[in-house]
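Computed over heavy atoms, backbone and side chain alike; hydrogens, waters and symmetry mates excluded.
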Amino acid sequence: QVQLVESGGGLVQAGGSLRLSCAASGIIFRLTDMAWYRQAPGKQRELVALITRGGSTTYVDSVKGRFTISRDNAKNTVYLQMNSLKDEDTAIYYCYADLYGKWGQGTQVTVAS
């Protein structure tokens, strides 16, 4: 059974930092690209960052220079380090295993100004 479990969300002041984690089970983690998406109230879900199985990364323009995606294949975990958080980063953040088409349950990030 495929499971993706996010953690690390919460309430943070603008300018602060959070690190999200997504622990995967039931998949061959090293074979799949992994991504973080987010969905703000009233908006469509958008891709935030992606890391390929080879370690290449891409980011949406609005988070470049502030967010860093990484992965630890030994721990079957993908991370999203979020620095210099802004109000507009408030959303539910989801991890996604591309090869399996599976989503995690999401973790809420709220940035207070």
Problem set entry | is_close_aromatic(Y96, W103), centroid dist under 6.0 Å |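 Between W103 and Y96, which both carry aromatic rings, the centre distance is below 6.0 Å.
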
Once you round to the nearest 0.5 Å, how far does [atom1] of [X] lie from [atom2] of [Y]?
X    : Y    : atom1 : atom2 : result
K102 : Q1   : NZ    : CD    : 9.0 Å
L20  : L18  : CG    : CG    : 6.5 Å
Q3   : S25  : CD    : OG    : 4.5 Å
N76  : L4   : CG    : CG    : 10.0 Å
N83  : R19  : CG    : CZ    : 11.5 Å
E6   : T107 : CD    : OG1   : 7.0 Å

Exercise. Could you give all pairs that pass the side-chain hydrogen bond (donor to acceptor under 3.5 Å, both in side chains) test and reach residues 52-62, with sequence neighbours left out?
Worked result: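 Non-adjacent pairs meeting side-chain hydrogen bond (donor to acceptor under 3.5 Å, both in side chains): R38-S62, D61-K64.
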
Problem set entry | Sole candidate of V60, V63, I69 that passes side chain to side chain contact (heavy atoms under 4.5 Å, CB included) when paired with W36 |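 The side chain to side chain contact (heavy atoms under 4.5 Å, CB included) with W36 is passed solely by I69 among V60, V63, I69.
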
Are [X] and [Y] connected in the hydrophobic side-chain network, where two residues link if heavy atoms are under 4.5 Å apart?
X   : Y   : value
V5  : Y79 : no
L11 : I92 : no
L50 : L31 : no

Exercise. So D89 and M82, side chain to side chain contact (heavy atoms under 4.5 Å, CB included) or not? Walk me through it.
Worked result: CA-CA 9 Å; D89 296 318; M82 305 186 295; over 6 Å; no

On a heavy-atom basis, which atom in [X] and which in [Y] lie closest, and how many Å separate them?
X   : Y    : result
A14 : S113 : CB-CA, 4.2 Å
L80 : A49  : CD1-CB, 4.1 Å
A35 : Y37  : CB-CE1, 3.8 Å
Q81 : S17  : NE2-CB, 4.0 Å

Problem set entry | R71 NZ/CZ over F29 ring centroid, <6.0 Å and within 45° of normal |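 Relative to the ring axis of F29, which defines the angle, R71 lies inside both limits.
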
Counting distance only, does the side-chain N/O of [X] pair as donor-acceptor with the main-chain N or O of [Y] below 3.5 Å?
X   : Y    : answer
T90 : V111 : yes
T32 : L99  : yes
E46 : Q39  : no

Exercise. Got more than 12 heavy atoms from elsewhere within 6.0 Å of CD1, I28?
Worked result: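 12 or below, so no.
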
For this session: Given side-chain hydrogen bond (donor to acceptor under 3.5 Å, both in side chains), test T77 with D72 step by step and report yes or no.
Result: CA-CA 5 Å; T77 301; D72 185 336; over 6 Å; no

